[in-house]
Number of protein chains: 2
Amino acid sequence: MPPSIKQVALQAGVSTATVSRLLNSPASVSAETAGKINEAIAALGFRPNFNGRNLRAGRSRTVGVVVPTLSNTVFAQCLQGIELAARTLDYSVMFTATEYRQEDEAAAVNLLLSHRVDGVILTVADASASGTLDVLDREGIPYVLTYNQPQQASRLSVSVDNRAAAHDAVAHLTALGHTRIQMLTGQFNASDRAIQRYHGYLDAMRAHGLAPMAPIEVPRHTGLTSAHLQAFSDPQQRPSALFCSNDLLALAAMRDLRELGLRVPEDISVMGFDGIPLGEMMSPVLASAVQPSEQIGEVALRTLVAAIGQTEGGAGPVSQTLAHTIRHGGTVRVFS
Amino acid sequence: MPPSIKQVALQAGVSTATVSRLLNSPASVSAETAGKINEAIAALGFRPNFNGRNLRAGRSRTVGVVVPTLSNTVFAQCLQGIELAARTLDYSVMFTATEYRQEDEAAAVNLLLSHRVDGVILTVADASASGTLDVLDREGIPYVLTYNQPQQASRLSVSVDNRAAAHDAVAHLTALGHTRIQMLTGQFNASDRAIQRYHGYLDAMRAHGLAPMAPIEVPRHTGLTSAHLQAFSDPQQRPSALFCSNDLLALAAMRDLRELGLRVPEDISVMGFDGIPLGEMMSPVLASAVQPSEQIGEVALRTLVAAIGQTEGGAGPVSQTLAHTIRHGGTVRVFS
DNA sequence: TTGAAAGCGCTAACAG
DNA sequence: CTGTTAGCGCTTTCAA
């Protein structure tokens, strides 16, 4: 068992209260006693036990993070941003993944709450139908959504404007002369973002007087999009451009198209969403609607910490929309 | 303040001890009282406070994880594997990154230890010269190294055989007829793996009677490898194949080579190390020495939990070497 | 500036 | 099967 504040006090010849004071507000301890205590701390290799502290103080300076998966770079980057910002602000991070299983969200949050995290950052399948968020609301635990753009204006969130970003991506395609643009998307029910992006697609198509095509919804980015793309072998059956709801999907699609003997972008153009860093290193570069994932994480953490600060709901923007950009890339060709 | 075991006890008309019992060994409580308590728990929305529990029990069922960065998919995958396995075993995960700053390793571990994690999984810059590991040893906190292959046989670790994997990668190149093979590597002092891989390179070159070339050491995978590759414009000055110490570096190199007007693999072949999933989706496929990152994480966690189980050092393999594979890919051409 | 004392939520003897 | 009790490490009044 590691040394406790008690042993330090004994060794330094002071009371535990004084040791505690040195730890928490060093100014309130005389230089002399401080010296003795510090010696004792060093000698014993004392390290404060946060469990004791948290128990007593009722806060833990720890935040919980729930993401769908770390296999998608986007969330890894976001977590990276969260952790970095957390370290700056002296917060610790407990982390959980749900593997896109909506039913695991509640369990994840419950676990975090048992650890008495001061707040939670999460990306849920569907922000407008999430019992998990209701729990958080009820218990009065501050939380910040990432990537989700909730309808309820009351919920703190950090994301890009998914609909607008998708619109801009599709507009980029139309600007290059594409008219037959189809959307390839992950399961709508696993991601409210996918739905918003689909709306953005519709917006853009309508705005340009183009006929929207039925979206192709694939199960998982396991990469098995082939079955859905078979029809593309027939030039009549395929769009000139494929807009994918995320970059991983775009990459999988490109691979499968290649297998079908189709060339990107000669036979079909592909555009993604997310702007994962690797897309920019490939050749051709993957065109994409870029969201600043690491920054999303960083802002989310700062927002959360601010919310933790003020017990009662207060100032500060609620729904934060970060700027997206459109990355031009060789996977999209000029069509005329 | 959320309800405590005390309020549950009051509401159910039993003692706190009984509530605790229901929580920890339900079998030891009569069905009748169990019913009453469960009702009270539900009514109050009670959730056990792990801080109290941990304080009392002296263990937290929480593990700490320290990785260099999450920007490298490899570590994200590993963390993913850790988290998944942890959830299975009812453990929670606290996570920290060091951004490859060796001096941050100690701080990270100290923080985790203050949280009284039961054990730590980490990837350090240099396992054989890490004060951090010494601290862990001294305090008797179980830990498992990932990716690092420590010299000290006493330290638990999970990795591939870096040297052998690098050897196999280079042997693959020689088998394809390459003789002028050069290594491009990250900073040796930021990664002991890089050194081991370099040794593997040397092994393979010597084994095939080839003259090793001086390794090119680049600062960071910021992607700025260009400066180091300038000389390659001259066909006399460039190797026929470039073996990179990791896939990110390989990708950056390929991009920079392209910028120099060189074609991969026609003008120069490129091989990586790690086997990141995206390498397989690209065209051409990135040839690489593949390590099972998610599995490394999973095995590390199981190993750690086992170590936590037995207070005193015990059975079980210490240095676990998982199998690597060589991924053939279009970034390497047959040279003859 | 310091100490004494109470208590955060929980578990683990020990009785009964 | 259940209750009583003590105490894990720490902070925080309240006094001195």
Side-chain angles (χ1 to χ4, degrees), chain A residues 1-38 40-41 44-62 92 110-118 139, chain B residues 1-38 40-41 44-62 92 110-118 139:
Chain A
M1 220 159 272
S4 76
I5 210 179
K6 208 165 167 181
Q7 335 225 22
V8 174
L10 188 68
Q11 175 115 357
V14 299
S15 75
T16 59
T18 305
V19 177
S20 174
R21 280 192 201 98
L22 178 66
L23 261 30
N24 296 290
S25 48
S28 65
V29 174
S30 79
E32 191 189 6
T33 26
K36 286 191 297 185
I37 296 175
N38 281 323
I41 288 179
L44 292 165
F46 166 80
R47 214 188 315 268
N49 181 335
F50 286 179
N51 285 312
R53 172 181 301 186
N54 299 344
L55 186 55
R56 174 65 221 235
R59 40 148 210 58
S60 59
R61 286 195 90 79
T62 300
S92 300
N110 275 325
L111 194 65
L112 293 173
L113 292 185
S114 272
H115 279 287
R116 292 299 188 267
V117 297
D118 292 339
E139 315 244 339
Chain B
M1 219 78 4
S4 76
I5 209 178
K6 208 164 165 182
Q7 334 224 26
V8 174
L10 189 68
Q11 174 115 355
V14 299
S15 74
T16 60
T18 305
V19 178
S20 174
R21 278 190 203 99
L22 178 66
L23 261 30
N24 297 290
S25 48
S28 65
V29 174
S30 80
E32 190 188 5
T33 25
K36 286 191 298 183
I37 297 175
N38 280 324
I41 287 179
L44 292 165
F46 166 80
R47 212 188 315 269
N49 182 335
F50 286 179
N51 285 313
R53 174 181 300 188
N54 298 345
L55 186 56
R56 173 67 223 225
R59 39 146 210 63
S60 59
R61 285 195 91 79
T62 299
S92 299
N110 275 324
L111 194 65
L112 293 173
L113 292 185
S114 273
H115 280 288
R116 293 298 189 268
V117 296
D118 293 338
E139 316 244 338

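The sequence lines fix the lettering, A, B, ..., with proteins before strands; numbering per chain opens at 1.
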Asker: Check whether any side-chain nitrogen or oxygen of A/Ser30 sits under 4.0 Å from OP1 or OP2 of C/dT2, and answer yes or no.
Answerer: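 Yes, because at least one side-chain N or O of A/Ser30 sits under 4.0 Å from OP1 or OP2 of C/dT2.
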Asker: Using atom CG of A/Leu113 as one end and atom P of C/dG9 as the other, report the distance to the nearest whole Å.
Answerer: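 One finds 16 Å between P of C/dG9 and CG of A/Leu113, rounded.
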Asker: Which atom names give the shortest non-hydrogen contact between B/Arg116 and B/Ser60, and what distance separates them?
Answerer: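 Heavy-atom minimum between the residues: O-OG, 2.7 Å.
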Asker: May I ask you to check whether B/Asn110 and A/Arg47 show a side-chain donor-acceptor distance below 3.5 Å?
Answerer: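 Yes - a donor-acceptor pair under 3.5 Å links their side chains.
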Asker: Between atom CG in A/Asn54 and atom C1' in C/dC8, what is the gap in whole Å?
Answerer: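 The distance from CG of A/Asn54 to C1' of C/dC8 comes to 11 Å, rounded to the nearest Å.
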Asker: What's A/Val29 touching, base or sugar-phosphate or nothing? Going by heavy atoms closer than 4.0 Å.
Answerer: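 Sugar-phosphate only.
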Asker: Do B/Ser25 side-chain atoms and B/Ser28 backbone N/O form a donor-acceptor pair below 3.5 Å?
Answerer: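 No; zero donor-acceptor contacts below 3.5 Å.
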Asker: Please report, rounded to the nearest Å, how far the C1' atom of C/dC8 is from the CZ atom of B/Phe46.
Answerer: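 Nearest whole value for this atom pair: 14 Å.
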Asker: Rounded to whole angstrom units, what separation is found between the CZ atom of B/Phe50 and the C1' atom of C/dC10?
Answerer: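 Going from B/Phe50 (CZ) to C/dC10 (C1'), I get 12 Å.
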Asker: Rounded to the Å, how far apart are B/Arg59 CZ and C/dA12 C1'?
Answerer: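 Taking atom C1' of C/dA12 as the reference, CZ of B/Arg59 is at 12 Å.
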Asker: For a quick check, tell me whether the side chain of A/Arg21 and the base of C/dG3 share a donor-acceptor pair closer than 3.5 Å.
Answerer: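 Answer yes: a donor N or O sits under 3.5 Å from an acceptor.
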Asker: Say you draw a straight line from CG of A/Asn38 to CZ of A/Phe46; how long is it, rounded to the nearest 0.5 Å?
Answerer: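 Between atom CG of A/Asn38 and atom CZ of A/Phe46 there are 11.0 Å.
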Asker: Using whole Å, report how far CG of A/Leu23 lies from P of C/dT1.
Answerer: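 Rounded to the whole Å, the gap is 17 Å.
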Asker: Indicate whether any N or O donor in one side chain lies under 3.5 Å from an N or O acceptor in the other, for B/Ser92 and A/His115.
Answerer: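 Distance-only check passes for B/Ser92 and A/His115.
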Asker: Which listed nucleotide (C/dA5, C/dT1, C/dG9) is nearest to the side chain of A/Thr16?
Answerer: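 So the side chain of A/Thr16 is nearest to C/dA5.
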Asker: Pick the closest DNA chain D nucleotide for B/Ala57 and for B/Thr33 by heavy atoms, then say which residue is nearer the 5' end.
Answerer: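 Upstream on the strand: B/Thr33.
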Asker: Evaluate the criterion side-chain contact (heavy atoms from CB on, under 4.5 Å) for residue pair A/Ile37 and A/Thr18; output intermediate values, then yes/no.
Answerer: CA-CA 9 Å; A/Ile37 296 175; A/Thr18 305; 3.8 Å; yes
Asker: NA contact type, B/Val14, heavy-atom cut-off 4.0 Å: base, sugar-phosphate, or nothing?
Answerer: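 The answer is sugar-phosphate, as B/Val14 gets under 4.0 Å only of primed atoms, P, OP1 or OP2.
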Asker: For DNA chain D, note the earliest and the latest nucleotide, 5' to 3', having some atom under 4.0 Å of a heavy atom belonging to chain A.
Answerer: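 Listed 5' to 3', the contact boundaries are D/dG9 to D/dT13.
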Asker: Using a cut-off of 4.0 Å on non-hydrogen atoms, how would the nucleic acid contact of A/Ser20 be classed: base, sugar-phosphate, or nothing?
Answerer: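 Base, at least one base atom sits under 4.0 Å.
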Asker: Quick one: A/Lys36 NZ to C/dG3 C1', roughly how many Å, whole number?
Answerer: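 Whole-Å distance recorded here is 13 Å.
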Asker: Any base atoms under 4.0 Å from B/Asn51, or only sugar-phosphate, or nothing? Heavy atoms, all strands.
Answerer: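 No contact.
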Asker: Does C/dT11 have OP1 or OP2 sitting under 4.0 Å from an N or O in the side chain of B/Asn24?
Answerer: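 For C/dT11, OP1/OP2 do have a side-chain N/O of B/Asn24 under 4.0 Å.
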Asker: Nearest 0.5 Å, please: how far is CD1 in B/Ile5 from CG in B/Leu22?
Answerer: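 Result: 9.5 Å between the selected atoms.
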Asker: Expressed in angstrom and rounded to an integer, what is the separation of A/Leu22 atom CG from C/dT1 atom P?
Answerer: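 It is 13 Å, rounded to the nearest whole Å.
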